[in-house]
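Structure first, commentary second.
The figures that follow rest on heavy atoms only: side chains count, while hydrogens, waters and symmetry mates do not.
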Amino acid sequence: VSLFWQAEKAPSRDYTVFVHLYGPAGNWVAGADGQPVYGEYPMGQWTKGEIVEDIHVIVLDAALTPGPYRVAVGLYDLATGQRLLAELNGKLLPENAFYLQPNVDLITP
């Protein structure tokens, strides 16, 4: 999953990115958590207005069944596990996560 982050202001600390995949029943099935840019460019080093490309690889279990899957993205404090507030158009998002649209359709060969 390729993400592009833009710092509205210089971050005061480092945060961990999560990219989670949820199955058709809403259950977590896979994910990739980590520092931005493979840990090479922590948020505390970003500058105001900077755009950072950040790639996260999700390894899928071969036993996953076909169907619609949802991808959630967000940030959290690694020390506390507390997610940062996520909002879109002035409204707080459930679970403090952005759900990428459209859903991903997993198809097996």
Side-chain angles (χ1 to χ4, degrees):
V1 176
S2 294
L3 303 171
F4 290 87
W5 300 100
Q6 183 171 23
E8 290 183 354
K9 62 181 181 177
S12 60
R13 59 192 306 177
D14 297 330
Y15 294 101
T16 300
V17 177
F18 68 87
V19 181
H20 294 168
L21 183 69
Y22 293 91
N27 55 313
W28 183 94
V29 296
D33 290 28
Q35 295 296 309
V37 193
Y38 304 107
E40 297 293 322
Y41 196 31
M43 287 185 174
Q45 297 177 9
W46 297 5
T47 58
K48 179 181 177 180
E50 181 175 13
I51 297 173
V52 176
E53 182 178 11
D54 183 29
I55 298 171
H56 293 264
V57 177
I58 298 176
V59 178
L60 301 178
D61 186 325
L64 288 177
T65 59
Y69 287 75
R70 296 176 66 200
V71 178
V73 174
L75 302 168
Y76 65 93
D77 183 323
L78 184 60
T80 65
Q82 181 71 37
R83 288 184 176 183
L84 271 66
L85 295 178
E87 71 174 54
L88 183 62
N89 299 324
K91 294 183 180 181
L92 290 176
L93 298 175
E95 304 167 19
N96 291 317
F98 293 92
Y99 283 88
L100 305 184
Q101 299 295 326
N103 291 340
V104 176
D105 282 323
L106 184 63
I107 302 170
T108 57

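Partners of Y15 by ring-ring contact (aromatic ring centres under 6.0 Å, His included), not counting sequence neighbours: none found. When the side-chain contact (heavy atoms from CB on, under 4.5 Å) test is applied to T80, the partners found at least two apart in sequence or on another chain are D77, Q82.
The number of heavy-atom neighbours closer than 6.0 Å to CD of E8, taken from other residues, nucleotides and ligands shown, is 12 or below.
Cluster membership check: L3 shares its hydrophobic cluster with L75, using side-chain heavy-atom separations under 4.5 Å among Ile, Leu, Val, Met, Phe, Trp and Tyr. Y69 and Y22 are not part of a single hydrophobic cluster, where members link through side-chain heavy atoms under 4.5 Å apart. Residues L60 and V19 share a single hydrophobic cluster, defined by chaining ILVMFWY side chains whose heavy atoms lie under 4.5 Å apart.
Contact detail for G34 and T16: the closest heavy-atom pair is N-CG2, 3.6 Å. When all heavy atoms are compared, the tightest approach of L88 to L93 is CB-CD2, 4.0 Å. In terms of heavy-atom proximity, Q6 sits nearest to G49 at NE2-O, 3.2 Å. Smallest separation of non-hydrogen atoms from Y41 and V52: CE2-CG2, 3.9 Å. What you find for N96 and A86 is that their closest heavy atoms are OD1-N, 3.3 Å. When all heavy atoms are compared, the tightest approach of A32 to I58 is CB-CG1, 4.2 Å.
Between W28 and H20, the ring planes are perpendicular. Angles over 60° get that label, and only those under 30° would be called parallel.
Panel note: side chain D54, backbone V37; a donor-acceptor pair is recorded below 3.5 Å. When atom types are taken as modelled, the side chain of R83 and the backbone of E95 share a donor-acceptor pair closer than 3.5 angstrom.
Proximity of L21 to R70: side-chain heavy atoms (C-beta onward) are nowhere separated by under 4.5 Å.
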Margin query: Apply side chain to side chain contact (heavy atoms under 4.5 Å, CB included) to residues V73 and H56 and explain how you reach the verdict.
Written below: CA-CA 10 Å; V73 174; H56 293 264; over 6 Å; no
